[in-house]
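We're numbering straight along the sequence, starting at 1.
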Amino acid sequence: MTSYESYKDLIRQHFPFDLLTDDQFKRLIDESNRQSFSENEFVFHEEDEEIEVHFLLKGLAKNVLHRENGQQFSVRFYYPGDLIGLMILLAGGQLNFSVQALENCETVQFKKSILLKIMTENEAFSNVILSGIGNRMKSLYDEIKKERHVTDAENIGLFRTRVHSIMERAKAIHQKRTLKEAARLMTEERMAGLVVLDDKEELKGVITQQHVIRGFLQGQSSDNVTEWMEDKPHTIQEGAFSYEVLTFFKDDYIDLVPVMNGERVVGILMAESFLQLQDSKYLNLSYRLQHAKKVKELAHLSPKNNEDFLSFTEALLNERTHPSEVCEFISNYNDQIHRKVIQFALRDMLKEGYGKPPVNYCFVVMGSQGRKEQAFSTDQDNALILDNYQHLSYKREVEEFFHRFAAKINEALAECGFPECSGGIMAKERKWCREISEWKSEVVNWVKKADSQEIRDFTIFIDYRPVYGDFTLAEKLRDDINEPVKKGKILHAMLMKDTIRFRVPINALGRISVKGKKKTIDLKKSALMQIVNGVRIFAIRYGITEVSTAARLDRLEELEIFHPRDVKNAKLAMDYLHYFRIMENISQLRKNEPLSNMISPLKLDKDEKKQLKDALFIAKRLQQMSELSFAKNRGI
């Protein structure tokens, strides 16, 4: 460890501390203290009540910005000589980021109060510090802009729907009428507001219930409407997209927007108008979800338990939305529930005295949710990737924390309609909660000597996707395991063997083979998974890191491994199969029947039977492609 005198001299000579007077530097250094942090420990965490400024003497650290969606990302690294926590000076500690040691670090911790006092005394020193804060705030601003750009792209329906398709009939009142007449007309027509027109039927303003109430409270019911109306209302043309006007209601707290065709009023929009959007129920559910305070509230909003969600999903399919996109929508909604559950678990850990997470972590979902291919019949497949912690003296406390933390998450998810995995593939199990280096070793072990059970674990795991925490942990693990998995010939052969366990139910005569008294087939095991598994094997062989089947197909086409026709057919088959699966699940939920992936082809109409048979033929072709390709690769 650096001696007191040597580290004092080092800081004294370092810019901008060389701008301080001897007295100022002495005051600062006398109240400082040395700190040591092991690899992956937090120098400070966003949950800490009091945060000071650190001078990094040795090692490497990074800051971790916490997004509202649960994702963490790093804006910058800190090197020896850097000041850590500058922005805390101005923000009073209320910033949603942490700083983590990437290797063993030594720092000198300054008292924030003394540093601020010296800044008021030394203008040159203060200017340097404030300049540094400005540059870092710009980095944060750029990241926030990037986040908003990503989020905006998600509201697809708002970009497809024109204003004229959701506007309501406009009810008008002449500008010479009174507030009392406006109130009577609103009551008779059950309208929240009126457009105010002149003799030429040109728009002069809008008057709403809020305007009328304010006038009545002041005893001015006989006043002319023009004295209380909004005389410069926001307007929108009828051909505009819905998203162009939604911000008026969301951000500007506007109650009514006239819809225009040129200069003529042709309708009105109110906040309620957006309930006609296909996205409206989802937006409402999403809002309620984000503002939920308890797990019980989330349970009522769970897809399986909420009729609004079922009817909205059904409407998406009826509006010819691609069923694969509907699966992605369901998966995204489930992601929101997972993030909220994790936030509740973090809150409870603090309340119960266990504190904040001792090391960084990433909660990942796997299987169909990882691929964003969920329907309603799904259980939990999740895991935790922890930063390396075995070198820490308190490693047992780390393990105990995350065991309790994960158990809370899995229990709450079960309460929200995601049954616990019968195979135990959940974060609360030791096997599925590991530090990143152990995960890497486990995957390499799977590659070298996997048995049939481990192969099934691997196929679920390899489709993992981060939903909360430090996403870089998940990304680094993917980078580390990609090459050994790509080269694992034995693994590839075992994956192929596992894939052909379930044959596609098409017999030698080209007819659908049904089973049992109910004459059903399993859409997932006997059809969907043949496509998913077949595409996954090729993706693994060629080092493709995308997780969703559609994205893997696109990459296989780009690399000229799959013919464009085969890619198109595979996507079409998945759309057919997803459609039948989701619609069957919705029917089962409404009848209070157990969820399953079984479907009876005999109950389908002629066109649906043809679609199902086409999908099965495509699944069978892909299964045969995989089998022949990998058999040839083994020299058979």
Donor + acceptor pair across side chains of [X], [Y] (<3.5 Å):
{"X": "T378", "Y": "Q374", "answer": "yes"}
{"X": "N585", "Y": "N597", "answer": "no"}
{"X": "H174", "Y": "D199", "answer": "yes"}
{"X": "N332", "Y": "K372", "answer": "yes"}
{"X": "Q218", "Y": "D223", "answer": "no"}
{"X": "Q588", "Y": "S596", "answer": "yes"}
{"X": "Q611", "Y": "D614", "answer": "no"}
{"X": "N261", "Y": "E238", "answer": "yes"}
{"X": "E475", "Y": "T472", "answer": "no"}

| said: Could you go through E189 and R169, starting from their C-alpha distance and side-chain angles, then the distance that decides it, and tell me whether this counts as salt bridge (charged side-chain N to carboxylate O under 4.0 Å, His left out)? | reply: CA-CA 11 Å; E189 298 291 336; R169 178 178 61 89; 3.5 Å; yes
Nearest heavy-atom pair of [X] and [Y]: which atoms, and what distance?
{"X": "A375", "Y": "I330", "answer": "O-CG2, 3.9 Å"}
{"X": "L256", "Y": "L194", "answer": "CD1-N, 3.9 Å"}
{"X": "V53", "Y": "G85", "answer": "CG2-O, 3.7 Å"}
{"X": "D605", "Y": "E608", "answer": "OD1-N, 2.8 Å"}
{"X": "F401", "Y": "G355", "answer": "CE1-O, 3.3 Å"}
{"X": "I337", "Y": "L298", "answer": "O-CD1, 4.3 Å"}

| query | Would you call the rings of F42 and H45 parallel, tilted or perpendicular, where under 30° means parallel and over 60° means perpendicular? | reply |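 Perpendicular: the ring planes of F42 and H45 meet at over 60°.
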| query | Which pairs with one or both residues in residues 577-596 pass salt bridge (Lys or Arg N to Asp or Glu O under 4.0 Å), sequence neighbours excluded? | reply |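 Residue pairs passing salt bridge (Lys or Arg N to Asp or Glu O under 4.0 Å), neighbours aside: E307-R590, E314-R590.
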| task | With S324 as reference, evaluate E373, H578, K571 under the side-chain contact (heavy atoms from CB on, under 4.5 Å) test and give the passing residue. | result |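 Result: among E373, H578, K571, H578 is the only option passing the side-chain contact (heavy atoms from CB on, under 4.5 Å) with S324.
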| query | Only one of I599, L612, I582 clears side-chain contact (heavy atoms from CB on, under 4.5 Å) with L577; which? | reply | L612
| query | Would you call R404-D348 a salt bridge at under 4.0 Å N-O? | reply |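 Salt bridge between R404 and D348, a charged N being under 4.0 Å from a carboxylate O: no.
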| Backbone N or O of F418 within a donor-acceptor pair of the Q380 side chain at under 3.5 Å? | yes
| query | For the side chain of D381 and the backbone of V365, is there at least one donor-acceptor N/O pair under 3.5 Å apart? | reply | no
| Over 12 non-hydrogen atoms of neighbours within 6.0 angstrom of CD in Q237 | yes
| task | Applying side-chain contact (heavy atoms from CB on, under 4.5 Å), run through I173 and V225 and close with a yes or a no. | result | CA-CA 9 Å; I173 188 169; V225 291; 4.3 Å; yes
| said: Just to verify, which of Y361, Y468, F363, Y354 counts as forming a ring-ring contact (aromatic ring centres under 6.0 Å, His included) with F405? | reply: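 Filter result, single survivor: Y361.
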